[in-house]
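Notes for the one structure printed next.
What's counted below: heavy atoms across the whole structure, side chains too, no hydrogens, waters or symmetry copies. First listed ligand is number 1; within each ligand, the first listed atom is number 1. Treat the numbers as computed from the prediction; the structure is a model and nothing was measured.
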Amino acid sequence: MDTEALRERLRGTPALAGPLAAFDPREAAPEPGPLFADWLTAALDDGVPEPHVMTLSTADAAGRPSSRVLMLRGFELDAGAFDFVFASDAASRKGHELTANPYAALNWYWPQHGRQIRVGGTVVALDRAAARRDFLGRSEPARIAGFTGLMSAELPSAEGSVSDAYTAYEQGRARAREIVAADPRAVPEGHTVYVLRADEAEFFQGDATADRFHRRLRYVREGDRWIRRMLWP
Ligand SMILES: Cc1cc2nc3c(=O)[nH]c(=O)nc-3n(C[C@H](O)[C@H](O)[C@H](O)COP(=O)(O)O)c2cc1C
């Protein structure tokens, strides 16, 4: 493995190359919702790939963090809300971590615009009715995937054999197809819709010019209002 060549390629790979989007923090609204909506709209309009894919970070009871990417399935930005909706299985690693420690962070990076958004807050799990609505709104292949096996659990295998595990995976898929064919309205027990109620947010706008005049605007919720501060980049 030629790691030196790989390092060389990394050093030669630009970031925040531009042209990037414009942002004047002096014109941002006093609360973060309009800015999130503006930046997401621009990402969608300009064809930024998969702008709804975000990183969710959680931590276990001991504070050990873990992260993974998820789909943003909805949000509420009106009437003071700054809520982000995602769905997963409560028995997954993230599900266990959220039960032990209901705080999490979300992060988006939209490279074509040089924009990063991070939010953090408390996560609540919605009721079974919300889980059913979310799951039954999915395509059949997505529902089959939801029944394939217990998310984040290890597949059975003799002495860690990956080919055993792969066979178990194929069997799990076949079982999942049967479950969904027998009952198209079946919903996995652990399927859960979560809402992250953000109480902090930060908007980072990269600058591609030689000045590297990056801008960071942070919002923190205090009671029912938001405080805005610029941060040194
Ligand atoms: C583009 C993309 C979108 C994903 N969306 C979701 C999602 O919406 N919900 C989910 O539970 N996992 C989603 N996953 C899988 C997660 O990244 C992760 O593998 C899974 O949730 C298990 O994470 P955990 O073991 O940390 O709980 C997605 C993966 C990718 C690559």
Side-chain angles (χ1 to χ4, degrees), residues 36 39-40 43-44 46-77 82-113 115-157 160 162 165-166 168-173 175-177 179-180 186-198:
F36 183 86
W39 284 23
L40 179 60
L44 289 162
D46 294 345
V48 169
E50 307 186 8
H52 53 337
V53 174
M54 58 193 187
T55 300
L56 167 75
S57 299
T58 52
D60 67 14
R64 185 187 171 103
S66 69
S67 61
R68 76 290 290 155
V69 298
L70 297 190
M71 313 284 268
L72 174 63
R73 297 194 66 81
F75 49 81
E76 189 54 68
L77 306 176
F82 197 50
D83 295 348
F84 298 89
V85 181
F86 56 92
S88 194
D89 197 296
S92 66
R93 177 172 177 177
K94 76 183 84 52
H96 285 300
E97 292 185 358
L98 287 170
T99 301
N101 176 11
Y103 299 99
L106 294 171
N107 184 231
W108 295 260
Y109 174 48
W110 297 322
Q112 287 84 342
H113 288 165
R115 286 175 170 172
Q116 170 180 228
I117 302 177
R118 50 204 284 208
V119 304
T122 307
V123 178
V124 293
L126 300 188
D127 60 13
R128 288 299 296 156
R132 287 186 68 76
R133 263 196 312 278
D134 177 82
F135 192 79
L136 296 176
R138 296 176 176 219
S139 66
E140 188 179 87
R143 282 181 287 120
I144 291 171
F147 274 103
T148 297
L150 196 57
M151 182 183 275
S152 311
E154 282 184 14
L155 284 111
S157 66
V162 173
Y166 199 87
Y169 181 42
E170 289 174 327
Q171 289 164 348
R173 274 204 91 85
R175 265 196 315 276
R177 265 187 226 106
I179 293 170
V180 172
V187 178
E189 205 186 318
H191 186 73
T192 303
V193 177
Y194 294 95
V195 178
L196 184 148
R197 307 239 137 96

TODO: Name the orientation class of the two ring planes belonging to W110 and W108 (parallel below 30°, tilted from 30 to 60°, perpendicular beyond 60°).
DONE: tilted
Task: Heavy-atom proximity to atom 22 (C) of ligand 1, best of H191, E50, H96, K94 - done: K94
Open item on the list: Out of all atoms in ligand 1, which are within 4.0 Å of some heavy atom of M71? Include the element for each.
Closed with: 3 (C), 5 (N), 6 (C), 7 (C), 8 (O)
Open item on the list: Can you confirm whether R118 is buried at CZ, in the sense that more than 12 heavy atoms of other residues, nucleotides or ligands lie under 6.0 Å from that atom?
Closed with: no
TODO: Give the residue and atom name of whichever protein heavy atom lies nearest to atom 4 (C) of ligand 1, and the separation in Å to one decimal.
DONE: V69 O, 3.6 Å
- [ ] For S92, take its heavy atoms, then give the atoms of ligand 1 lying under 4.0 Å from any of them.
- [x] 27 (O)
Task: Heavy atoms of other groups near Y103 OH, more than 12 under 6.0 Å - done: no
TODO: Please determine, by modelled atom types, if K94 and T58 share a side-chain donor-acceptor pair under 3.5 angstrom.
DONE: no
- [ ] Run down the list L70, D89, V53, L72 and name the one with the heavy atom closest to atom 12 (N) of ligand 1.
- [x] L70
- [ ] Return the orientation label for the F84 and F75 ring planes: parallel under 30°, perpendicular over 60°, tilted otherwise.
- [x] tilted
Task: Within 6.0 angstrom of E154 CD, more than 12 heavy atoms from elsewhere - done: no
Task: Contacting atoms of ligand 1, where contact means under 4.0 angstrom from a heavy atom of S88 - done: 10 (C), 11 (O)
TODO: Answer yes or no for atom 19 (O) of ligand 1: protein heavy atom present at a distance under 4.0 Å?
DONE: no
Task: Proximal ligand 1 atoms for S152, defined as those under 4.0 Å from one of its heavy atoms - done: 22 (C), 24 (P), 25 (O), 27 (O)
TODO: Examine the proximity of ligand 1 to M151 and report which part, side chain or backbone, both or neither, has a heavy atom under 4.0 Å away.
DONE: side chain
TODO: State whether a side-chain donor-acceptor pair under 3.5 Å links S66 with R64.
DONE: no
- [ ] Considering the heavy atoms of A87, write down every atom of ligand 1 situated less than 4.0 Å from one of them.
- [x] 7 (C), 8 (O), 9 (N), 10 (C), 11 (O)
